[in-house]
Amino acid sequence: MTTSSQPRVQGLEVRSIDYVPLDERHGKLWHLGPLWFMSNAQIATLAVGLISITEGGNLIWSLIAIVAGTVLGTFFMAFHSAQGPQLGLPQMIQSRPQFGYVGALLVWLFAYVQYAGFNVFNTILAGEAMHTTVHGGVKLWVVVVTVLALVIALVGYDVIHRAEQFLTYTFLVVFGVFTIGVLATLHYPAGSFDLGAFKATPFLAQFGVVAGYQISWAIYVSDYSRYLPPGVTVRKTFYWTYFGSALGGIWLMVLGALLAAWAGKDFDTIKSINAAGDKVFTGFGAIVLLFAALGLVSVTALNMYGGSLTLISAIDSFKRVRPTLGVRLVTIGLTAALSLVGALAATSNFLENFNNFLLLVLYLFIPWTAVNLMDYYVVRRGHYAIAEIFNPRGLYGRWGWHGIIAYLVGFAVMIPFFSVGTLYTGPVADALDGADISLFIGLPVSAALYWWLTRSIDVEAEQRIAEEEAAALEQAAHEHREP
């Protein structure tokens, strides 16, 4: 579905956390497909598919865990995507109705750490890929990648969508050939496809990391659907996001598992891709790595864009922020600088502990996604007084104790089930030989508790307030100020 054939907003994007007025809505629903496909179809995702192999699982059960984890985790992130066109707001600012004007800082802090962590990993991978192919030094290319990503993030929403569309078409060619080569030329250890060799611990570790990786996209998704007109349906928005993200994720994670099973203890993300590509024809490994670096530039830009929105949201909790290009420039620049410092200072231990980072992301955002989706789809059924989200003493209050309590309780009950490598193993996980099932505990507990705590909310009264403030909301948006 479309509105006008041309976007109504030209040049550098000005809007940040503010509401997008109806006459600025534009774009095509199918654009979500390539955006989320390409966001996942990059070699940082490939690294997520290694966990089971490195922990002693065999290949077939690793592949099953990857598919199952993706199917489940993407389900939640896609439902967050459907919120964007209906509310016209970026994702994290939508936490205020559940956690309060100030209370939402709890999840924004975690979100910002996630953006920074992923960008450190992404830029180091891109730097290694470029150094392997054209040389010049990893640190130099980390700087180049960061600057390019900053420019893309600054131009904003529309150029990000266009870049991901171009990269998707190119990916299908380059990685299509690469995947055929991997399947046709690589050989795997004996027992790789033995269904009788099931091991619960590596299977659940792989399943949990994959599900967590997909759920981690939940803090981004409506950032890239909020300019779509509200006439697009929740169902179609869900489908385009779900299948784009799931297909990209499964493709790259499966490649990661295949390469790890083939290379064994000698596996190294960049070197193994290069070696496997050269089995197709000499020099093809370098082509794959060069394209992979472009993919990492694009996802780094997504993280800078989302990090900027999160940082603006946090600042706005203390001092009202007028949405301007200057605000976007400063916050994107700060986010880029922090990521760059982290990448240049990172040691090999950071890369080795990427699995632990992904698990921590899972733990932190499981209760949040449960609370946010329960509020949107069950408690308030998509009806919010959007102007009140920007009112520090408004309808939703400064502290949303319903959401905060549900989050903290959900997180607390997960702790005995945590299994984070050598960092921490909870008593229940230890009794299960290290198997991590915390995902299945935190989600239902947080969701059910939030529903129970919010039974007294007068949703109809909130709808009346929203209707009364609708005209003023549109006017404020046109004047680039908060209502």
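Index from 1, following the sequence. Remember, it's a predicted structure, so these values are computed and weren't measured experimentally.
In terms of heavy atoms, Ala44 sits closest to Asn122 at CB-OD1, 3.2 Å. Between Ile437 and Leu204 the shortest heavy-atom distance is CG2-CD1, 4.0 Å. Scanning both residues, Ala111 and Ile219, for their nearest heavy atoms gives CB-CD1, 3.8 Å. Scanning both residues, Gly84 and Ser225, for their nearest heavy atoms gives CA-OG, 3.4 Å. Taking each heavy atom of Ala292 and Ile43 in turn, the nearest pair found is CB-CG2, 3.7 Å. Shown here for Val142 and Ala343, the closest heavy-atom pair between the two residues is CG1-CB, 3.7 Å.
Classified by interplanar angle (parallel below 30°, tilted 30° to 60°, perpendicular above 60°), the ring pair Phe365/Trp368 is perpendicular. Taking the six-membered ring where tryptophan is involved, the planes of His31 and His161 are tilted, since the angle between them lies from 30° to 60°. In this pair, Tyr157 and Tyr227 present their aromatic rings tilted. The plane angle is within the 30 to 60° band. The aromatic rings of Tyr450 and His402 lie perpendicular to each other, with more than 60° between the two planes, well past the 30° mark. Between Phe440 and Phe207, the ring planes are parallel. Angles under 30° get that label, and only those over 60° would be called perpendicular.
Distance alone, capped at 3.5 Å, places no donor-acceptor pair between the Trp399 side chain and the Val102 backbone. In this structure, Arg328 contributes its side chain and Ala153 its backbone to a donor-acceptor pair below 3.5 Å. Side-chain N or O atoms of Tyr377 include one that pairs as donor or acceptor with a backbone N or O of Phe79 at under 3.5 Å. Looking at Ser222, its side chain does come within 3.5 Å of a backbone N or O of Gln91 through a donor-acceptor pair. The closest donor-acceptor contact from the side chain of Ser308 to the backbone of Met304 lies at 3.5 Å or more, if one exists at all. Judged purely by atom type and a 3.5 angstrom limit, Arg15 uses its side chain to pair as donor or acceptor with the backbone of Ala477. Remark: the backbone N or O of Ala301 is not paired with any side-chain donor or acceptor of Asn303 at under 3.5 angstrom. Not a single donor-acceptor pair under 3.5 Å links the side chain of Arg25 to the backbone N or O of Leu22. Here the side chain of Gln206 pairs a donor or acceptor atom with the backbone of Ser52 at under 3.5 angstrom. Between the side chain of Tyr224 and the main chain of Pro90, no donor-acceptor pair closer than 3.5 Å is present.
Between Arg226 and Glu13 there is a salt bridge, since at least one side-chain N of the basic residue sits less than 4.0 Å from a carboxylate O of the acidic one.
If you check the side chains of Thr74 and Gln214, you find a donor sitting under 3.5 Å from an acceptor. No side-chain donor from either of Thr335 and Tyr305 sits under 3.5 Å from a side-chain acceptor of the other. Side chains of Asn372 and Gln94: no donor on one and acceptor on the other come within 3.5 Å. In summary, the side chains of Asp316 and Tyr101 do present a donor paired with an acceptor at a separation below 3.5 Å, with no hydrogens or angles considered. Between the side chains of Glu474 and Tyr19, at least one donor-acceptor pair of N or O atoms lies under 3.5 Å. At a cut-off of 3.5 Å, with distance as the only test, no side-chain donor of Glu55 or Thr201 sits close to an acceptor on the other residue.
Between His80 and Tyr220 there is no side-chain heavy-atom pair separated by less than 4.5 Å. Between Leu296 and Thr123 the shortest side-chain heavy-atom distance does not fall below 4.5 Å. Side-chain contact between Thr300 and Thr146 is absent, with no heavy atoms from C-beta onward closer than 4.5 Å. The closest side-chain heavy-atom distance from Arg380 to Ile457 is below 4.5 Å. Side-chain atoms of Leu72 and Val210, non-hydrogen and from C-beta on, never get closer than 4.5 Å to each other. In this structure the side chain of Ile415 reaches within 4.5 angstrom of the side chain of Phe418, judged on heavy atoms. Proximity of Ser216 to Phe118: side-chain heavy atoms (C-beta onward) are separated by under 4.5 Å at one or more points. Between Arg235 and Thr237, every side-chain heavy-atom pair lies at or beyond the 4.5 Å cut-off.
Of the inter-residue distances, the one linking Trp452 atom CH2 with Ile405 atom CD1 reads 9.5 Å to the nearest 0.5 angstrom. Taking CD1 of Ile215 as the start and CG of Leu364 as the end, the distance is 12.5 Å to the nearest 0.5 Å. With rounding to the nearest 0.5 angstrom, the CG atom of Leu109 is 12.0 Å from the CD atom of Gln114. Note that the CG atom of Leu32 and the CD atom of Glu164 stand 11.5 Å from one another [nearest 0.5 Å]. From Ser16, atom OG reaches atom CD1 of Ile312 across 4.0 Å, with rounding to the nearest 0.5 Å. For the atom pair CG (Leu46) and CG (Asn40), the distance works out to 11.5 Å, reported to the nearest 0.5 Å.
Looking at Val221, Asp223, Val234 one by one, the single match for side chain to side chain contact (heavy atoms under 4.5 Å, CB included) with Ser81 turns out to be Val221.
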Subject >> Derivation of the side chain to side chain donor-acceptor pair (under 3.5 Å) call for Tyr407 and Ser446 >> reply: CA-CA 6 Å; Tyr407 179 95; Ser446 291; over 6 Å; no

**OP:** Applying side chain to side chain contact (heavy atoms under 4.5 Å, CB included), run through Tyr112 and Leu338 and close with a yes or a no.
**Re:** CA-CA 11 Å; Tyr112 199 72; Leu338 289 173; 3.6 Å; yes

Subject >> Audit row: Phe166, Phe171, side chain to side chain contact (heavy atoms under 4.5 Å, CB included) steps and yes/no >> reply: CA-CA 9 Å; Phe166 167 78; Phe171 174 92; over 6 Å; no

Original post:
Hey, mind stepping through Arg322 and Asp18 against side chain to side chain contact (heavy atoms under 4.5 Å, CB included) and telling me if it holds?
Top reply: CA-CA 9 Å; Arg322 182 182 177 89; Asp18 51 322; over 6 Å; no

Original post:
What do the steps show when you test Gln42 against Ser298 for side chain to side chain donor-acceptor pair (under 3.5 Å), and what is the final call?
Top reply: CA-CA 9 Å; Gln42 35 84 17; Ser298 71; over 6 Å; no

**OP:** Might you work through the side chain to side chain contact (heavy atoms under 4.5 Å, CB included) test for Asp158 and Arg162, ending with a clear yes or no?
**Re:** CA-CA 6 Å; Asp158 288 320; Arg162 294 190 190 104; 3.8 Å; yes

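A cation-pi arrangement is absent between Arg96 and Tyr396, since the terminal nitrogen or guanidinium carbon is not both under 6.0 Å from the aromatic centre and inside a 45° cone about the axis.
For Phe417 and Tyr363, the gap between ring centers reaches or exceeds 6.0 Å. Here Phe75 and Tyr242 keep their ring centres 6.0 angstrom or further from each other. The distance between the ring centers of Trp217 and Trp36 falls below 6.0 angstrom. Trp240 and Phe37 have their aromatic ring centers separated by at least 6.0 angstrom.
Contacts of Phe76 classified as ring-ring contact (aromatic ring centres under 6.0 Å, His included), with partners at least two apart in sequence or in another chain: none.
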